[in-house]
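What follows is a short report on a single structure.
If you read the sequence from its start, that first residue is 1, and numbering goes on from there.
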Amino acid sequence: MSAEEKNLIEILEEGHKVDVVKYIDYVSAPQAGAIATFSGTTRDMFEGKTVLELRYEAYVPMATRCLSSICTTARSTWDIHKIAVAHRLGPVPVGETSVFIAVSSVHRADGLDACKFLIDELKATVPIWKKEVYTNGEIWKENSEFMEKRLELAEKRDSLVKKPVTEEHKRGCCGSKVRVEEDEA
């Protein structure tokens with residue numbers, strides 16, 4: 001079974017709830033000594049405002065590709081057996097699950113670390129957008145992880161853009177590694 005076949009990635013259309021048991025059953029295996037999970041649920045308050053629901057939208061083909069890529073990265077970093085990721089679209093009332101991740105692994109440390117990585121990367125990079133609906137209005141929200149990732153990438157880009165040119169590098173394409181002897185004739 002290929003790595004792709006050991007991933008279950010679902011973006012659930014409006015009206016479909018996350019079936020936690022389905023995803024735990026999917027990752028369960030005799031060789032897995034641990035199953036780590038994360039369940040993101042809609043809370044009733046945010047910064048003193050009463051929350052009625054969250055509403056999610058996504059560009060599903062790209063979201064699925066991004067999630068697949070994140071799963072591949074997790075597999076290359078930790079010893080993982082299976083991964084399941086599900087995210088709802090549409091309204092998600094208070095107390096209901098909007099995102100669920102399950103990871104099975106031989107040892108708990110790999111499963112727990114991979115699970116944390118998966119939710120953090122999902123929130124930072126996957127094109128799924130969230131609107132918070134309050135009793136007194138609504139607002140589209142950017143995840144703090146998205147903003148942190150954007151800042152991190154900008155800092156990396158800026159450090160690559162302007163490298164100082166030293167006297168040593170001005171001599172030629174290979175700097176001091178090549179010595180050119182001039183003919184004194």
Taking atom CD as the centre, does E57 end up with more than 12 heavy-atom neighbours from other residues, nucleotides or ligands that are less than 6.0 angstrom away? no

So how far is it from T72 OG1 to N7 CG, rounded to the nearest 0.5 Å? 6.5 Å

Can you find a heavy atom in the side chain of L54 that is under 4.5 Å from one in the side chain of K141? no

For residues I83 and A74, report the shortest heavy-atom separation together with the two atoms involved. CD1-CB, 4.5 Å

Indicate, with yes or no, if I24 and Y26 share a hydrophobic cluster defined by side-chain heavy-atom contacts under 4.5 Å among Ile, Leu, Val, Met, Phe, Trp and Tyr. yes

Side chain to side chain, T73 and F117, heavy atoms closer than 4.5 Å: yes

Decide whether V60 and V99 are clustered together by the hydrophobic rule: side chain heavy atoms of Ile, Leu, Val, Met, Phe, Trp, Tyr closer than 4.5 Å, transitively. yes

Same hydrophobic cluster for V27 and V106, using side-chain heavy-atom links shorter than 4.5 Å among ILVMFWY? no

The criterion is ring-ring contact (aromatic ring centres under 6.0 Å, His included); which residues satisfy it with F38, sequence neighbours excluded? none

Heavy-atom side-chain contact between S105 and W78 under 4.5 Å: no

Distance (rounded to the nearest 0.5 Å) between D110 CG and D79 CG: 5.5 Å

Min side-chain heavy-atom separation V20-T37 under 4.5 Å: no

Would you call the rings of F100 and Y23 parallel, tilted or perpendicular, where under 30° means parallel and over 60° means perpendicular? tilted

Minimum-distance pair of heavy atoms, taken over all atoms of S39 and T97: OG-OG1, 3.2 Å

What heavy-atom pair brings L8 and E10 nearest, and what distance separates the two atoms? CD1-OE2, 3.8 Å

Starting from the C-alpha separation in whole Å, work towards a yes-or-no answer on side-chain contact (heavy atoms from CB on, under 4.5 Å) for R88 and K17. CA-CA 7 Å; R88 282 176 70 173; K17 291 185 178 185; 3.9 Å; yes

Taking the side chain as C-beta and beyond, is there a heavy-atom pair between H87 and V126 under 4.5 Å? no

Please name the pair of heavy atoms, one in T42 and one in P93, separated by the smallest distance, quoted to 0.1 Å. CB-O, 3.4 Å

Are any of the side-chain heavy atoms of T135 and L52 separated by less than 4.5 Å? yes

Calculate, to the nearest 0.5 Å, the distance between atoms NZ and CD belonging to K123 and E121 respectively. 12.5 Å

What pairs meet the salt bridge (charged side-chain N to carboxylate O under 4.0 Å, His left out) rule with one or both residues in residues 35-54, with sequence neighbours excluded? E53-R55

Which pair of non-hydrogen atoms, one from H81 and one from Q31, has the smallest distance, and what is that distance? CE1-NE2, 2.7 Å

If we ignore hydrogens and angles and just use 3.5 Å, is the side chain of S104 paired with the main-chain N or O of S28 as donor and acceptor? no

Work out which heavy atom in I128 is nearest to a heavy atom in A63; give both atom names and the distance. CG1-CB, 4.2 Å

To the closest 0.5 Å, what do you measure between CG (L112) and CD1 (I35)? 12.0 Å

Verify the cluster assignment for I139 and V51: are they in a single hydrophobic cluster under the rule of side-chain heavy atoms below 4.5 Å apart? yes

Heavy-atom side-chain proximity of I70 to V85 below 4.5 angstrom: no

Shared ILVMFWY cluster between Y134 and W140, side chains joined below 4.5 angstrom? no

